[in-house]
Amino acid sequence: MRYILGETGHMSILHVLHYPDPQLRIIAEPVPEVSRDIRTLIDDMLETMYDAPGVGLAAPQVDVAKRVIVVDITEDKSKPLALVNPEIMRRQGTVQMEEGCLSVPGIYEPVERAEWIKVRALDRGGHVLDIETDGVLAVCIQHEIDHLDGKLFVDYLSELKRARIRKKMEKLRRQTM
Ligand code: NI
């Protein structure tokens with residue numbers, strides 16, 4: 001399945017917030033209806049993710065406190081997936097993978113998550129979508145859903161490591177200001 005991007009005739013690269021921006025800690029609100037505005041948000045988020053480039057992006061990262069995530073773990077951008085109000089219904093096993101995040105640029109650290117998940121969400125068309133997946137996609141979806149609850153992958157690291165990353169990010173921010 002391939003989404004037709006840019007149905008509204010315009011796509012934008014959105015500004016991605018960086019850790020430790022407090023906006024990244026906000027709990028996102030459920031989306032009552034997959035409206036045209038939400039579809040535009042999805043398209044812009046996909047465009048922003050591909051431009052970065054990244055494999056996932058959550059709405060709070062672009063300063064929108066809504067429960068919307070996009071992911072695509074393919075190299076040729078062939079499987080864009082948009083999940084609205086995603087909920088993990090079941091999880092099994094554990095797996096450790098190196099994770100990164102567009103809000104924490106340049107940092108990659110191993111995080112332990114469920115190996116297999118079953119997720120229920122609304123798709124871009126507003127239809128209920130059930131996904132059972134494992135591996136990289138499962139990890140990616142869990143990482144993005146965390147963002148909707150104000151949680152970042154650095155929260156799984158030791159306090160010492162997190163403090164070091166925070167310092168690095170603040171230095172980076174001063175340099176680019
Ligand atoms: Ni992230």
Side-chain angles (χ1 to χ4, degrees), residues 3 11-31 38 41-75 77 79-88 91 94-117 119 121-122 124 131 133-159 161-173 176:
Y3 291 112
M11 273 184 288
S12 316
I13 307 287
L14 307 169
H15 176 69
V16 178
L17 301 177
H18 285 177
Y19 176 75
D21 194 310
Q23 289 297 109
L24 292 168
R25 296 306 188 179
I26 283 174
I27 311 260
E29 295 283 338
V31 173
I38 293 296
L41 172 67
I42 287 169
D43 293 344
D44 288 346
M45 283 172 63
L46 280 168
E47 190 71 3
T48 304
M49 177 186 78
Y50 287 137
D51 179 69
V55 293
L57 188 67
Q61 292 181 273
V62 293
D63 209 7
V64 177
K66 290 184 166 43
R67 301 190 80 81
V68 177
I69 67 170
V70 295
V71 293
D72 189 348
I73 60 162
T74 67
E75 268 177 34
K77 311 177 180 179
K79 285 203 167 74
L81 189 62
L83 303 179
V84 177
N85 302 337
E87 252 184 273
I88 298 177
R91 53 186 98 214
T94 54
V95 68
Q96 197 181 58
M97 282 191 204
E98 192 140 290
E99 294 187 22
C101 180
L102 294 180
S103 293
V104 197
I107 306 292
Y108 300 90
E109 293 287 345
V111 174
E112 195 174 280
R113 299 197 189 263
E115 186 181 28
W116 176 93
I117 54 169
V119 184
L122 296 178
R124 194 179 174 284
I131 300 174
T133 188
D134 60 5
V136 178
L137 184 59
V139 165
C140 192
I141 290 172
Q142 290 173 81
H143 174 119
E144 299 313 327
I145 291 177
D146 267 359
H147 277 297
L148 304 181
D149 296 317
K151 197 164 184 184
L152 303 172
F153 86 102
V154 295
D155 299 343
Y156 294 94
L157 309 177
S158 71
E159 220 165 288
K161 242 180 196 175
R162 195 161 50 249
R164 225 179 267 150
I165 291 168
R166 195 187 167 106
K167 233 179 182 174
K168 211 171 166 182
M169 289 299 121
E170 278 164 353
K171 192 174 165 193
L172 189 75
R173 193 166 61 104
T176 54

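For ligands, and for the atoms within them, numbers begin at 1 and follow the listed sequence.
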Whether D134 side chain and E115 backbone form a donor-acceptor pair below 3.5 Å: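 No: the side chain of D134 does not pair with the backbone of E115.
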N/O donor-acceptor pair under 3.5 Å between D21 side chain and Q23 backbone: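 Between the backbone of Q23 and the side chain of D21 there is a qualifying donor-acceptor contact (under 3.5 Å).
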K161 charged N/C atom sitting above Y156 aromatic ring, 6.0 Å / 45°: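 So K161 doesn't make the cation-pi contact.
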Number of protein N/O/S atoms that sit closer than 2.8 Å to the Ni ion (ligand 1):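 There are 3 of them.
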Side-chain heavy atoms of C101 within contact of Q61, under 4.5 Å: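 SC-SC contact between C101 and Q61 confirmed.
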Identified side-chain contact (heavy atoms from CB on, under 4.5 Å) counterpart of N85 within the set V31, I69, L148, V68: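 Among V31, I69, L148, V68, the one that satisfies the side-chain contact (heavy atoms from CB on, under 4.5 Å) with N85 is V31.
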Electrostatic pair D155-R25, nearest N-O below 4.0 angstrom: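 Salt bridge between D155 and R25, a charged N being under 4.0 Å from a carboxylate O: yes.
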